[in-house]
Amino acid sequence: MRVSRLMLVTLRDDPAEAEIPSHKLLLRAGYIRRVGSGIYAYLPLLWRVLQKISAIVREELNGTGALETLLPQLQPAELWQRSGRWAGYTAGEGIMFHLEDRQGRELGLGPTHEEVITALAGDLLRSYRQLPVNLYQIQTKFRDEIRPRFGLMRGREFIMKDAYSFHADEACLKQTYAAMDQAYRRIFSRCGLRAVAVEADSGAIGGSASQEFMVTAEAGEDLILASGDGRYAANQERAVSLPADAVPLPGGARAGGSGDALPTPAQSAIEALCSAHGFDPSQTVKVLLLLARFEDGCLQPLLVSLRGDQQLNEVKLANAVSARCSSEHGTLLEITPLTAEAAAKEGLEPIPFGFMGPHLEDAVLSGARSWQPRFLRLADATATALQSFVCGANSLDTHRVGASWGALCPAPESLDLRAAQPGDRCLHDPAQQLQASRGIEVGHIFQLGRKYSAALEATFTNEAGQDEPLWMGCYGIGVSRLAQAAVEQHHDANGICWPTAIAPYEVIVVIANVAEAPQRELGEQLYGAFQAAGIDVLLDDRSERAGVKFKDADLLGIPWRVVVGRGAADGQVELVQRASGERSDVPASAVLAQLQVHLERERAGLLSA
RNA sequence: CGGGAUGUAGCGCAGCUUGGUAGCGCACUUCGUUCGGGACGAAGGGGCCGCAGGUUCGAAUCCUGUCAUCCCGACCA
C-alpha cells in the first residue's frame, strides 16, 4: 500500500478526549475516530491490526478443534427470560441495550451469547456421541457500560471472540478448559503481549472456576495481587490472603462480655476513636449498613461486621448475598450504602451512624415502608475471631470497650468478606507477600457447569440412555481491547511500536525525497520486491519532507523502516528497527534477505523468546 | 446515578471578568524558495462561538434551561 493512498491523517497534538497513552496514540496516528461515547470507527490501519489478531486467534482455536460460527446479535427477550438474566441485564445497572420491534416484542443486542448458543446446542446436540463440541465466533458485542472509557478499552460496542464448549461430563469440561488456557497463553504470546493468568470472580456470567488473562500495564483498570514466587495471582475482587494479626485488647472481655460504655464525643470515625483512646484499629469491630435490591423489588437491609482495620470487598459481599437470597428474590441488582437520608425517607427513627455495634437490633427497621424488617447479618472472619473488641454502643457519642461475641449478641455467620491488600501474607506460604500491579483484562475463561443448560433445558442423552443437562464452558477474548492493550504495552515518546505479528504493516519503505529519480526508482523497486516476497509493506511515496515521513513512520509504529535516500544512487539504503532505534546501512540488494530473517523470527511473537 | 470539568474552523487553544457581531498555532488550497527528523515566505478557503429561551439598542461574553463529551466515584458514616 502507498501512504499517499492510505487516507492517512496524523495529528500533531494529543486530542483532548484521550487520557492514556494508547488512546492518544491510536487517535493521533489515525487508527481510530470517536463516533459517540464508547463508540469508535476502526480506520483501515486498525482494521488490519484487528484482522491479524483475529487470524492468530483463529489458528490457535482451530488447532484445538474448535469450530468457527456466527450467531445473531439481535436476540429475543424470551431467550434471556428463560435463563433468568433478562431483568438483571436490562434493569438497574444492567448492560444490555434493548428495544421493541414493530409488534411490541422485546429484543436485546447481544452483550454475550450464552443464551443463543445454549438454545442451539440443546436443539442440535442430542447424544453423548456428538460431544465434546467447542463453537466460537468473532464479532461485535454491545454493552451499555456504566462508564465507557479510554477508547477501545471499555467501549459500548467492541469486537470479541467468544467460545462455548459443551460436554458430557465435568472431567471433559476441565480438559477443554485446560486446552483453552494453553491456547490463550499462545495467542497472547504470539501477539507479542506479556500477559499473566489470574484467578477471577466469575461475576454475572456465573459458574465455578474462572481465570482472567491480564496484560500488565499502568493504565489497567484491574488491580492484580500476586505472590513474589509466582505461585499465586488473583484479581483483587477475588484475592484471598492472611490478614495481619489483631493486637489483643488489654484487659480482655469486660462487664460480662458486653463491654464497658466509653464516652466518645464526635469520634465517629475509626481513626478518631483510636487516636483519642490509644486503640489499634484491629481491636475494633466496624459495622456497615447496606441495602440490597433484588429483581423482584425486594429491598433487604444488610448489616456487615468487619474488623476495624479491614476493608470490605464488595464483590465477595455481593456473592454472599446472592447465595443467600437469589433463590427467593431473583437476581441481585445492586448493593448501595444505607444512608441516613434513605432511612428517614423510609420513616425510620434516626440510626446512630458512626456509633453502631453489631448488636444493632432489627427494631431500628420497624415501620419501614418498603424494606424487609430484618437485617441480613454477615461478618468477616477477622471480626468474629476477636475475643474482645471495641464497637459502637448504638447510641450517639458512645462506644463499648471489651465486648465479646455471645455476650453482646450472637456471632453472625462468619465469611471471607475482606479485601486482600498488597503486603498481606499469602495462604499458600505465609512467608510470601502479595504484590500489587495493574492489568488490562484481555481474556477470561469460565467453567460454567450446567447453569445455562439446566435453565434452557439443553440436554443430551448419555450412555445410559438418560437425558441430562450439558456441561458448559465459555471463553472470551476482547479483540479490540487487545489491540489497544498492545499499544499500551508497546510505545515510546515517538509513538507506537507494534509487535510484528499484529502490526498493520511489517515494513515501511520511506523514499526520503521523491523528487530524486534514483531514490524514487529504488524505492519502487524494493516495494515491489517486498510485496513479491509476501511481506506486508507500505511505501511512503508522499512528496513530504523526509523529517515528516520519519515522524509519521515512528508514530504509526511499523516495526521496520527502510530509508531510500542519499545512498540510493550507490545502491545503499538504511534499515531501522522501530522499537530499538537500531539502524544500519545495507546494500539494497541485501536488504530483503536481512528483513526476511528478522521477520521470520518476529512473526512468532514472544513464543520464540 | 452522584461529584468535577469542558463545549469557539478538521485538531490544539485564546477571547468571556469589564457585552459592540471572532482570533492564534497546526492541518488544508495556490505560488515561490527549501529538501535526512514535524521548513520558510506570500496569498487564500473554512466557524449560526453545542442547542433553546431570556436580559439588552446590541450576546461567544450576562442569566435560565437543555444536550453532548471527558475525568473521579458509585466502598467503610
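Throughout, protein chains are lettered first and strands after them, A, B, ... in sequence-line order, and every chain is numbered starting at 1.
- Side chains of A:Q267 and A:H277: a donor on one and an acceptor on the other come within 3.5 Å.
- For the pair A:L317 CG and B:rA74 P, the computed distance is 14 Å after rounding to whole Å.
- Residue A:R566 is the one, among A:R566 and A:V287, whose nearest nucleotide of RNA chain B lies closer to the 5' end (criterion: closest heavy atom).
- Closest approach to the A:V548 side chain among B:rG38, B:rG36, B:rA74 is made by B:rG38 (side chain taken as heavy atoms from C-beta onward).
- Among the atoms of the strands shown, only primed sugar atoms or phosphate atoms (P, OP1, OP2) are found under 4.0 Å from some heavy atom of A:E314.
- When both pairing distances are held under 3.5 Å, B:rU33 makes a Watson-Crick or G-U pair with B:rA39.
- A donor and an acceptor atom never sit less than 3.5 Å apart when one is taken from the side chain of A:E544 and the other from the base of B:rG38.
- Separating the P atom of B:rA60 from that of B:rG23 is a span of 13 Å, rounded to the nearest Å.
- Proximity of A:F279 to A:I270: side-chain heavy atoms (C-beta onward) are nowhere separated by under 4.5 Å.
- The pairing partner recorded for B:rU69 is B:rA5, the criterion being a Watson-Crick or G-U wobble arrangement whose two distances lie under 3.5 angstrom.
- Taking atom CD1 of A:I335 as the reference point, atom C1' of B:rC76 lies 14 Å away to the nearest angstrom.
- In this structure, A:G354 reaches the sugar-phosphate backbone alone: every heavy-atom distance under 4.0 Å involves primed, P, OP1 or OP2 atoms, never a base.
- Between B:rC62 and B:rG44, the two C1' atoms lie 37 Å apart (nearest whole Å).
- Residues satisfying the side chain to side chain contact (heavy atoms under 4.5 Å, CB included) test with A:L27, not counting sequence neighbours, are A:P15, A:E17, A:A18, A:H23, A:I32.
- For B:rA74, there is no paired nucleotide, since no Watson-Crick or G-U wobble pair has both relevant distances below 3.5 Å.
- Comparing the P positions of B:rU61 and B:rG15 gives an interatomic distance of 15 Å, to the nearest angstrom.
- With hydrogens and angles ignored, no donor-acceptor pair under 3.5 angstrom links the side chain of A:R34 to the base of B:rU69.
- For A:D552 against B:rG38, a side-chain N or O and a base N or O form a donor-acceptor pair under 3.5 Å.
- Counting heavy-atom neighbours within 6.0 Å of A:E221 CD, excluding the residue itself, gives a total above 12.
- Taking the centre of each ring, A:W560 and A:F530 stay at or above the 6.0 Å mark.
- When rounded to the nearest whole Å, the span between CZ of A:R545 and C1' of B:rU34 equals 6 Å.
- Computed from coordinates, the A:E334 CD to B:rC75 C1' distance equals 14 Å when rounded to whole Å.
- In this structure, B:rU55 makes no Watson-Crick or G-U wobble pair, since no nucleotide meets both defining distances under 3.5 angstrom.
- Atoms CG (A:L306) and P (B:rA77) sit 11 Å apart, rounded to a whole Å.
- Distance check on atom P: B:rU21 versus B:rA39 gives 37 Å, rounded to whole Å.
- Distance noted for atom C1' between B:rU55 and B:rG45: 37 Å (whole Å).
- Using a 4.0 Å heavy-atom distance criterion, A:L338 is classed as a base contact.
- Among the nucleotides B:rU34, B:rC76, B:rC70, the one closest to the side chain of A:E19 is B:rC70.
- Nucleotide B:rC16: unpaired (no Watson-Crick or G-U wobble partner with both distances less than 3.5 Å).
- Base engagement by A:E574 is indicated by at least one non-hydrogen atom pair under 4.0 Å involving a base atom.
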When you compare the protein's N or O atoms with those of nucleotides 40-43 of chain B, which come within less than 3.5 Å of each other, and at what distance?
none

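- Using atom C1' as the reference point in both B:rG4 and B:rA74, the two lie 14 Å apart (nearest Å).
- Side-chain N or O atoms of A:R149 include none that pairs as donor or acceptor with a backbone N or O of A:E19 at under 3.5 Å.
- Heavy-atom distances to RNA chain B give each of A:I270 and A:N513 a nearest nucleotide, and the one nearer the 5′ end belongs to A:N513.
- Rounded to an integer number of Å, the gap from A:E145 CD to B:rG73 P is 15 Å.
- For A:R583 and B:rG37, a side-chain-to-base donor-acceptor distance below 3.5 Å is present, hydrogens and geometry of angles not being considered.
- With contacts defined as side-chain heavy-atom distances shorter than 4.5 Å, the pair A:L538/A:L6 qualifies.
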Discussion item. For A:F389 and A:W405: C-alpha separation, side-chain torsions, deciding distance, then whether ring-ring contact (aromatic ring centres under 6.0 Å, His included) applies.
Written reply: CA-CA 9 Å; A:F389 51 85; A:W405 298 107; 5.0 Å; yes
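- One can place CG of A:L555 at 15 Å from P of B:rG38, the figure rounded to the nearest angstrom.
- In terms of phosphate contacts, A:S37 brings a side-chain nitrogen or oxygen within less than 4.0 Å of OP1 or OP2 of B:rC70.
- Distance from the side chain of A:R28 is smallest for B:rG38 among the nucleotides B:rC76, B:rA77, B:rG38.
- B:rC28 and B:rG44 make up a base pair, with Watson-Crick or G-U wobble contacts both under 3.5 Å.
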Are any protein N/O atoms closer than 3.5 Å to N/O atoms in nucleotides 4-14 of chain B? If there are, list each pair with its distance.
{"from": "B:rG12", "atom 1": "OP1", "to": "A:A16", "atom 2": "N", "distance (Å)": "2.8"}

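- When the P atom is compared between B:rU18 and B:rA22, the two are found 22 Å apart, to the nearest whole Å.
- Panel note: side chain A:R578, backbone A:I496; a donor-acceptor pair is recorded below 3.5 Å.
- Here the side chain of A:K551 is nearest to one of B:rG37, B:rC76, B:rG36, namely B:rG37.
- Look at A:R418 and you won't find any side-chain N or O under 4.0 angstrom from OP1 or OP2 of B:rC76.
- The CG atom of A:D540 sits 13 Å away from the C1' atom of B:rG36 (whole-angstrom rounding).
- Closest contact between the side chain of A:R147 and the listed nucleotides B:rC70, B:rG36, B:rC72 involves B:rC72.
- With B:rC71, B:rG36, B:rC76 as the candidates, the nucleotide lying closest to the side chain of A:V563 is B:rG36.
- Put simply, the side chain of A:F158 does not reach to within 4.5 Å of the side chain of A:R481, judged on heavy atoms.
- To the nearest whole angstrom, the two P atoms, one in B:rA52 and one in B:rC67, are 15 Å apart.
- You'll find that the side chain of A:L288 is closest to B:rC76, out of B:rC35, B:rC76, B:rG38.
- Side chain of A:D554 to backbone of A:G557: no donor-acceptor contact under 3.5 angstrom is found.
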Worksheet item: Does the salt bridge (Lys or Arg N to Asp or Glu O under 4.0 Å) test come out yes or no for A:R238 and A:D201, once each step is laid out?
Response: CA-CA 5 Å; A:R238 161 84 181 196; A:D201 182 76; 5.5 Å; no
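- With a 4.5 Å cut-off on side-chain heavy atoms, A:K549 and A:V3 do not count as touching.
- In this pair, A:F97 and A:F142 present their aromatic rings perpendicular. The plane angle is above 60°, beyond the 30 to 60° band.
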